[in-house]
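Each chain gets a letter, A, B and so on, in the order the sequences are listed, and its residues count up from 1.
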Protein chains: 2
Amino acid sequence: MGEIMAERAVTIRDVAKKAGVAVSTASRALGNGPASLETRQKVREVAQELNFVPNQAARQLTSGRSNIIAIAVPERTQFLFNDAFVSGMISHLADSFTQKTFLPFLALTGPHDTESLNKLLHDSGADGAVVLSFHYSKGLVDTLAQFDKPTIFIGQPPHHMNYPYVDVDSFHGGYEAAELLVQRGRRRIAIIAGPDDMLSPQQRTSGCVEGLAAAGLEPIAINVGDFTSAHGYQAMKEILADDPQVDAVFAHSDQIAAGAMQALSQYGKRVPQDLSIVGFDDFHVARALSPGLTTFAQPLADLAETATEMLAWRLRHGEWKTTAQVLPVTLILRGSL
Amino acid sequence: MGEIMAERAVTIRDVAKKAGVAVSTASRALGNGPASLETRQKVREVAQELNFVPNQAARQLTSGRSNIIAIAVPERTQFLFNDAFVSGMISHLADSFTQKTFLPFLALTGPHDTESLNKLLHDSGADGAVVLSFHYSKGLVDTLAQFDKPTIFIGQPPHHMNYPYVDVDSFHGGYEAAELLVQRGRRRIAIIAGPDDMLSPQQRTSGCVEGLAAAGLEPIAINVGDFTSAHGYQAMKEILADDPQVDAVFAHSDQIAAGAMQALSQYGKRVPQDLSIVGFDDFHVARALSPGLTTFAQPLADLAETATEMLAWRLRHGEWKTTAQVLPVTLILRGSL
DNA sequence: CTGAAAGCGCTAACAG
DNA sequence: CTGTTAGCGCTTTCAG
């Protein structure tokens, strides 16, 4: 009395004792082990009463599983923080893993800081990982090989990395963009593209090029850069300088489109009267622009859910059910066409 | 031979044996316990050689610590995924916790789904938490009380929740916005505000109102809504309808400002000739707009680092060094003023 | 179906 | 400074 008691968490022992059974019985009753209905009920009742919360570390230590999934994003900080695709994807992944009773653990590291990634992957005790990356280094390959637990990619990895993945049908998006612009009567079509060391911009471009080819056209310019509005602005100015008659732009991101429209307004060009613009992403900015941006919506939530399901299945069944799933983009029509 | 060996991870025992010392000695040598320089070197060398990775669960079980920090964001999914402040903040937090060798664990739940949050907080075995929320329910209060581990808020919580926090000086931002617009010669100034159930928009508004009052003015309108461009667009139209002479707008977010500018362009109003616009956030859209948006940059990285440091200190020393830190916003001048 | 007992891998007293 | 000895809380054989 009067002593300060160290507040000890209630353990399965306490539950067992109060329920009048052995610890092992309590464990089985709480889990899925064999136990009589009666025992099961009694034990669970007591556990509830005592507000028993199983110790994760102990469980992990014996069972060998942690239920932790690492979300690995080995990208430049600057890129990561500003890219709506990446940050949105992270949120959606965390959300769907939580839904499936996994614990999402966020491993953000520099693209070449494989040592950190290695450490994080190990220290977290993750049972598996989702990798969200666009730049594939030797270090990343080695790190993942060493991790040696079920791993899935968001976005198709290079062919020499034989990992399961979910991806967006970028090629088809590009193709559809071309069709759309051609239907609209446009003929002098420029592409302002994302980084050419990433697969999806390459696919968007080839889709568009092929779509144009089907109409006997080819792009009057393909201007490569990053996904920012600054790139869009700069590229648009260059394209206008080269060919003032340009009448359409397929931009690889909404941000790029925004920058392009900024340049156009400075040059007195009107959208959509003088030029049509089609973007990619359907993030916030697409709606904020004036006129609204016609664009292709990326299925972030679906990507996350699909990845979660694939990984969950792999973890439960020991093998992959499917090793790749490609999801379509959705055309969102707004005033810029 | 020919048998498939279950791949057993190397444990500290293996290291100890190979180094010719006791397990406890190895443990001390690897950690910060007392050990001769010689032993320490030898053990670490062997550990390296054997590629030893300490088992997180076991460590946690004995030490009682996990090094896991929960990043709790009890907000509507829809809000979370679209809000650049929230998603940027999450990334920055994950980043700075990683820097300090903590493991950031992402707990995203619905605002009223306190049961999930509770479960996540427990199951993750987190040593502490950062809460990033703007809507404070009874359920959240109870959940955190039950969590009962060091917890820090991003953004000042309501007064009845006596938690340490880091925050942005929203009031001052609002005040400065007012000064700026008045200096620019503006007199008919409207505020398009964020949600009034959040503290920071309230502060931005009162700062601005007070700043105007100092010049003998008051806002011609205060239009409350969410942070989206849709709100900005709608509000701007209403304000123009009520008072076509409006000559300045203080928008509580860059998105709001974007929407407002969209409405203005439809009404043939020019920025900055006819009206000045000041935003808040300095996210991507601020640069993508045309003209560029004058706005107040939020110190996301500083907020994250400060929170990390405060929590790390608390975890190490058993008490808070400071219980609140408020960081200034930075004026970014662009063409919209 | 249930109880006893043996660890999982590590850290933290406690002696030496 | 180092080795021995106990556990941390739980799951999982192994007998009964």
Sub-3.5 Å pairs of nitrogen or oxygen atoms, protein against nucleotides 4-7 of chain D:
residue	atom	partner	partner atom	Å
dT4(D)	O4	S24(B)	OG	3.0

*With the side chain of T11(A) defined as its heavy atoms from C-beta on, choose the nearest nucleotide among dC10(D), dT2(D), dG9(C).*
dC10(D)
*In Å and rounded to the nearest 0.5 Å, what is the CG to CG distance from L117(A) to L144(A)?*
6.5 Å
*Over how many whole Å does the gap from L61(A) atom CG to dC10(C) atom C1' extend?*
8 Å
*If every non-hydrogen atom of Q156(B) is compared with every non-hydrogen atom of L199(B), which pair is closest and at what distance?*
O-CD2, 3.6 Å
*R13(B) CZ to dG7(C) P: how many Å, rounded?*
10 Å
*What's the CG-P distance between N55(A) and dC10(C), to the nearest Å?*
17 Å
*asked:* Tell me the interatomic distance from L30(A), atom CG, to dT11(D), atom P, rounded to whole angstroms.
replied: 8 Å
*Taking only residues two or more places apart in sequence, or in another chain, which ones meet S96(B) in a side chain to side chain donor-acceptor pair (under 3.5 Å)?*
T308(B)
*Proximity to the side chain of I12(A) - top-ranked nucleotide from dC10(C), dC1(D), dC10(D)*: dC10(D)
*Using the ring of each side chain (for Trp, its six-membered ring), is F102(B) parallel, tilted or perpendicular to F97(B), with breaks at 30° and 60°?*
perpendicular
*If we only count heavy atoms from C-beta on, is the E305(B) to H92(B) side-chain gap below 4.5 Å?*
no
_If the condition is side chain to side chain donor-acceptor pair (under 3.5 Å), which residues does S27(A) pass it with, not counting sequence neighbours?_
none
_Is T39(B) close enough to dC1(D) that one of its side-chain N or O atoms is under 4.0 Å from OP1 or OP2 there?_
no
*Establish, with yes or no, whether the OP1 or OP2 oxygen of dT11(D) is under 4.0 angstrom from a side-chain nitrogen or oxygen of S27(A).*
yes
*Whole angstrom is fine here: how far is it from CG in D14(B) over to P in dC8(C)?*
11 Å
*asked:* Which nucleotide wins on minimum distance to the side chain of P34(A), given the candidates dT2(C), dC8(C), dT2(D)?
replied: dT2(C)
